[in-house]
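Small disclaimer: the values here were computed from a predicted structure and weren't measured. A, B, ... follow the sequence lines: proteins, then strands. Residue 1 opens every chain.
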2 protein chains.
Amino acid sequence: MEPNRRRILDLLRVRDRTVGEIAEHFSLSQPAISKHLRVLREAGLVEVHKHAQQHRYHLRAEPLAEVDHWLEPYRQFWSEKLDALEQYLDEEE
Amino acid sequence: MEPNRRRILDLLRVRDRTVGEIAEHFSLSQPAISKHLRVLREAGLVEVHKHAQQHRYHLRAEPLAEVDHWLEPYRQFWSEKLDALEQYLDEEE
DNA sequence: ATTTTATTTTACCGTTTGGTTATATAACTT
DNA sequence: AAGTTATATAACCAAACGGTAAAATAAAAT
């Protein structure tokens with residue numbers, strides 16, 4: 001995923017935020033942030049609640065579960081390496 | 001990640017494969033596969049071992065651990081939902 | 001030596017991406 | 001009503017992307 005978008009999600013993980021609050025954390029223009037938020041919205045990763053002019057964005061992490069599931073069978077690959085290391089260290093002593 | 005690339009990794013998870021073997025599973029041209037393999041190679045996700053003309057590709061899943069770690073703090077978001085569902089179901093009986 | 005097989009690289013092309021500035025929209029403030 | 005504030009959309013652009021077909025490379029087979 002695009003790194004700026006990942007950072008936006010990281011911010012929303014802490015708490016809901018308005019567009020302006022998000023934009024403060026970047027050196028991008030506000031419209032650039034709005035564009036990223038649109039992409040995230042269309043991916044179902046955030047939702048908006050409008051209070052007057054302020055649009056407050058909220059994290060909806062569920063779609064990430066898909067990535068998590070894809071990753072699932074790969075996890076053994078790096079845990080195998082760790083196991084091998086552990087075993088090696090055990091044999092060392 | 002690009003879906004074809006994800007599929008290539010899925011194939012390599014099962015066993016090492018040559019370029020031709022991989023290409024069989026796609027309706028893309030063989031050079032297209034080579035290009036994807038190059039991207040994966042540069043990302044450290046695969047490595048090649050050359051036996052004569054055959055280039056055999058091998059999965060190196062470690063860089064995926066980075067994604068896995070990024071995902072880590074998000075997991076609670078969907079497990080929270082599951083917990084809420086469980087609780088609801090418990091109260092039902 | 002020539003041809004065949006396996007793969008990569010190059011040159012090209014249309015589409016998508018991530019950014020910008022300028023403009024539009026909408027609600028609050030004065 | 002006029003101005004300000006918050007956000008979104010439009011128009012534009014260069015770079016990256018994902019594909020192709022054609023050419024280059026390299027080893028094996030004949």
Return the value, rounded to whole Å, for the distance between atom [atom1] of [X] and atom [atom2] of [N].
{"X": "B:Glu21", "N": "C:dT7", "atom1": "CD", "atom2": "P", "result": "8 Å"}
{"X": "B:Ile33", "N": "D:dT20", "atom1": "CD1", "atom2": "P", "result": "9 Å"}
{"X": "A:Phe26", "N": "C:dT20", "atom1": "CZ", "atom2": "P", "result": "12 Å"}
{"X": "B:Gln53", "N": "C:dA6", "atom1": "CD", "atom2": "P", "result": "7 Å"}
{"X": "B:Glu42", "N": "C:dT8", "atom1": "CD", "atom2": "P", "result": "12 Å"}
{"X": "B:Ile22", "N": "C:dA6", "atom1": "CD1", "atom2": "P", "result": "14 Å"}
{"X": "B:His49", "N": "C:dT7", "atom1": "NE2", "atom2": "P", "result": "15 Å"}
{"X": "B:Glu2", "N": "D:dG18", "atom1": "CD", "atom2": "C1'", "result": "7 Å"}

_Once you apply a heavy-atom cut-off of 4.0 Å, does B:Lys50 come out as touching a base, just sugar-phosphate, or nothing?_
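No contact.
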*Could you check whether A:Leu28 gets within reach of a base, just the sugar-phosphate, or nothing at all, counting any heavy atom under 4.0 Å?*
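The residue A:Leu28 makes sugar-phosphate contact but no base contact.
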*Between A:His49 and A:Arg56, is a side-chain hydrogen bond (donor to acceptor under 3.5 Å, both in side chains) present by the stated rule, with each step listed?*
CA-CA 5 Å; A:His49 294 279; A:Arg56 182 158 294 268; over 6 Å; no
*side-chain contact (heavy atoms from CB on, under 4.5 Å) against A:His69, all qualifying residues, sequence neighbours excluded*: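 With neighbours one apart ignored, the set is A:Ala65.
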_Contacts of B:Val67 that satisfy side-chain contact (heavy atoms from CB on, under 4.5 Å) - sequence neighbours left out_ =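 B:Val67 satisfies side-chain contact (heavy atoms from CB on, under 4.5 Å) with A:Val67, A:Leu71 once adjacent residues are dropped.
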Side chain of [X]: nearest nucleotide among [options]?
{"X": "B:Val19", "options": "D:dT9, C:dT8, C:dG18", "answer": "C:dT8"}
{"X": "B:Lys35", "options": "D:dA6, D:dT20, C:dG19", "answer": "D:dT20"}
{"X": "B:Pro31", "options": "C:dT9, C:dA6, D:dA8", "answer": "C:dT9"}
{"X": "A:Gln30", "options": "C:dG19, C:dA26, D:dA8", "answer": "D:dA8"}
{"X": "B:Gln54", "options": "D:dT7, D:dT20, C:dT7", "answer": "C:dT7"}

Below 4.0 Å: OP1/OP2 of [N] and any side-chain N or O of [X]:
{"X": "A:Ser34", "N": "D:dT7", "value": "no"}
{"X": "B:His36", "N": "D:dG19", "value": "yes"}
{"X": "A:Arg5", "N": "C:dT17", "value": "no"}
{"X": "A:Asn4", "N": "C:dT17", "value": "no"}
{"X": "A:Thr18", "N": "D:dA6", "value": "no"}
{"X": "B:Tyr57", "N": "C:dT8", "value": "yes"}
{"X": "A:Arg38", "N": "D:dT9", "value": "yes"}

*asked:* Using every non-hydrogen atom in the two residues, find where A:Glu21 and A:His25 come nearest and quote the distance to one decimal.
replied: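 Taking A:Glu21 first and A:His25 second, the nearest heavy atoms are O-ND1, 3.0 Å.
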*Backbone N or O of A:Val48 within a donor-acceptor pair of the A:Arg41 side chain at under 3.5 Å?*
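The answer is no, because no donor-acceptor pair under 3.5 Å joins these two groups.
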_For A:His51 and A:Val39, find the nucleotide of DNA chain C closest to each by heavy atoms; which residue's nucleotide sits nearer the 5' end?_
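Taking each residue's closest nucleotide, the earlier one in sequence belongs to A:Val39.
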*Check against ring pair (Phe, Tyr, Trp, His ring centres under 6.0 Å), A:Tyr74 and A:Trp70*: CA-CA 8 Å; A:Tyr74 289 91; A:Trp70 178 78; 4.7 Å; yes
